[in-house]
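Since the structure comes first, as structure tokens, the remarks are kept for the end.
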Amino acid sequence: MKDTIPMKFYDITEEYAQEAATPVQEPEHDALAHYFELLITRLMNGEEISEAAQADMAQQAGINPDRIDDIAQFLNTWGNE
């Protein structure tokens with residue numbers, strides 16, 4: 001998947017991995033980068049993101065849904081920095 005996901009989303013994944021409540025394993029990096037791509041693209045397009053949309057994107061990207069709230073908190077903090 002690394003071929004199709006822009007590197008900036010892997011950079012965000014690395015930053016998230018350093019701060020995540022639950023340790024991020026190497027095999028999760030592709031899925032997390034894909035989730036960040038889906039989520040941030042929607043945010044940049046000004047779309048509202050419901051809990052259902054977050055769950056759909058998590059399923060599409062293949063991430064554990066338990067990470068959704070942690071990622072939202074990370075992005076909120078990251079966006080304010």
Side-chain angles (χ1 to χ4, degrees):
M1 212 180 285
K2 285 187 178 188
D3 302 355
T4 60
I5 300 171
M7 201 62 195
K8 65 183 173 186
F9 298 111
Y10 283 96
D11 293 341
I12 296 168
T13 298
E14 288 298 322
E15 205 170 318
Y16 168 71
Q18 293 173 10
E19 301 177 22
T22 304
V24 174
Q25 303 300 315
E26 184 64 33
E28 294 179 276
H29 284 229
D30 285 340
L32 284 167
H34 186 54
Y35 181 75
F36 281 119
E37 179 181 31
L38 294 170
L39 187 62
I40 292 171
T41 299
R42 284 190 183 196
L43 289 170
M44 290 176 64
N45 288 336
E47 297 176 42
E48 282 203 33
I49 301 175
S50 66
E51 288 183 23
Q54 290 176 56
D56 288 343
M57 287 183 286
Q59 183 178 17
Q60 183 180 348
I63 69 162
N64 183 335
D66 293 339
R67 289 205 181 271
I68 293 172
D69 289 339
D70 191 43
I71 289 170
Q73 179 63 38
F74 165 76
L75 287 175
N76 187 40
T77 302
W78 182 70
N80 289 327
E81 289 179 353

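For the pair Glu19 and Phe74, the minimum side-chain heavy-atom distance is below 4.5 Å. No side-chain heavy atom of Phe9 sits less than 4.5 Å from a side-chain heavy atom of Leu32. In this structure, the side chains of Tyr35 and Ile68 come closer than 4.5 Å at one or more pairs of heavy atoms.
What you find for Gln25 and His29 is that their closest heavy atoms are O-CD2, 3.3 Å. Minimum interatomic distance between Gly62 and Ala31 (heavy atoms only, all atoms of both residues): O-CB, 3.7 Å.
Atom NE2 in His34 sits 10.5 Å away from atom CE in Met57 (nearest 0.5 Å).
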Exercise for review: Output, in order, the C-alpha distance, side-chain angles, deciding distance and verdict of side-chain contact (heavy atoms from CB on, under 4.5 Å) for Phe36 and Ile5.
Suggested key: CA-CA 10 Å; Phe36 281 119; Ile5 300 171; over 6 Å; no

Check: residues 41-55 side-chain donor-acceptor pairs under 3.5 Å, at least two apart:
unit_1, atom_1, unit_2, atom_2, d
Thr41, OG1, Glu37, O, 2.6
Asn45, ND2, Thr41, O, 3.2
Ser50, OG, Ala52, N, 3.4
Ser50, OG, Ala53, N, 3.0

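Note on residues 60-71: pairs passing side-chain hydrogen bond (donor to acceptor under 3.5 Å, both in side chains), not counting sequence neighbours, are Tyr16-Arg67, Tyr16-Asp70, Glu28-Arg67.
A side chain to side chain contact (heavy atoms under 4.5 Å, CB included) with Ile71 holds for exactly one of Ile12, Thr13, Leu39; it is Leu39.
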